[in-house]
Amino acid sequence: MPGIGKGRIMDRLRREGLTQFQQNVLVKVMEIPKGETRSYKQVAVMAGYPNAYRAVGTAMKKNPMAPVIPCHRVIKSSGEPGEYSGRGGRTEKVRMLKKERAL
DNA sequence: TTCCTGACGCTCG
DNA sequence: GCGAGCGCCAGGA
């Protein structure tokens, strides 16, 4: 269940018109192991922009491939799920999170 | 080019 | 322990 190659993803992101920063962030999020969660700050650090934790959220919104890029695994540092522009909103986000954690 | 907004984080009271 | 305010970077209008 390789799904899609990473290079394929980056190419798609680029074609979507996302910037280098956006691509970097999304790729890092994509590498978050199933059942694990990372804070926006963590993602920002991994992407190479330790202080751009705010822009990370903006990048998430632009996520063109919901299932491929597990943006629902990115939560706030406080432990709260935060917002979610995907289908179902925060509710679905939490649901998916619980399901993955159980696996 | 400039100003405003945003799926946030951290510090102070 | 909780709430409010300020600071941060990148994008979009």
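Just so it is clear, the values below take in all heavy atoms, side chains as well, and ignore hydrogens, waters and symmetry mates. Proteins come first, then strands; the chains are lettered A, B, ... in the order of their sequence lines, and each starts at number 1.
Between V25(A) and the choices I69(A), V74(A), V56(A), the side chain to side chain contact (heavy atoms under 4.5 Å, CB included) rule is met once, by V56(A).
Summarising the geometry, the separation between CG on L26(A) and C1' on dG11(C) is reported as 14 Å, rounded to the nearest angstrom. When rounded to the nearest whole Å, the span between CE of M60(A) and C1' of dT5(B) equals 18 Å. Q20(A) places its CD atom 10 Å from the P atom of dG11(C), with the value rounded to the nearest Å. The distance from atom NZ of K61(A) to atom P of dA10(C) is 17 Å, rounded to the nearest whole Å. For the pair Y49(A) OH and dG11(C) C1', the interatomic distance rounds to 13 Å; values are reported in whole Å. The distance from atom CD of E80(A) to atom P of dC8(B) is 10 Å, rounded to the nearest whole Å. Y84(A) places its OH atom 10 Å from the C1' atom of dA7(B), with the value rounded to the nearest Å. With rounding to whole Å, Q22(A) atom CD is found 10 Å from dA10(C) atom P.
Relative to the side chain of Y53(A), the nucleotides dC9(C), dG7(C), dA7(B) differ in distance, and dG7(C) lies closest. Listed candidates were dA7(B), dG9(B), dC8(C). Nearest to the side chain of K76(A) is dG9(B). Considering only the side chain of K41(A), dG9(B) comes nearest among dG11(C), dG6(B), dG9(B). Relative to the side chain of N51(A), the nucleotides dG6(B), dA7(B), dC8(C) differ in distance, and dC8(C) lies closest.
Side-chain N or O atoms of K41(A) include none that pairs as donor or acceptor with a backbone N or O of S77(A) at under 3.5 Å.
With hydrogens and angles left out, the side chain of Y40(A) and the base of dA7(B) share a donor-acceptor pair within 3.5 Å. With hydrogens and angles left out, the side chain of R54(A) and the base of dC9(C) share no donor-acceptor pair within 3.5 Å.
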Run the side chain to side chain contact (heavy atoms under 4.5 Å, CB included) test on E36(A) and R38(A) for me, step by step, so that the C-alpha distance in whole Å, both residues' side-chain angles and the decisive distance to 0.1 Å come before the verdict. CA-CA 7 Å; E36(A) 294 291 320; R38(A) 294 287 184 277; 3.7 Å; yes

Stepwise side chain to side chain contact (heavy atoms under 4.5 Å, CB included) check, T19(A) with Q22(A): CA-CA 5 Å; T19(A) 65; Q22(A) 305 281 64; 3.0 Å; yes

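Checking E100(A) against H72(A) by side-chain atom types alone, a donor-acceptor pair falls below 3.5 Å.
Counting any heavy atom pair closer than 4.0 Å across all strands shown, S77(A) reaches sugar-phosphate atoms only and no base atom.
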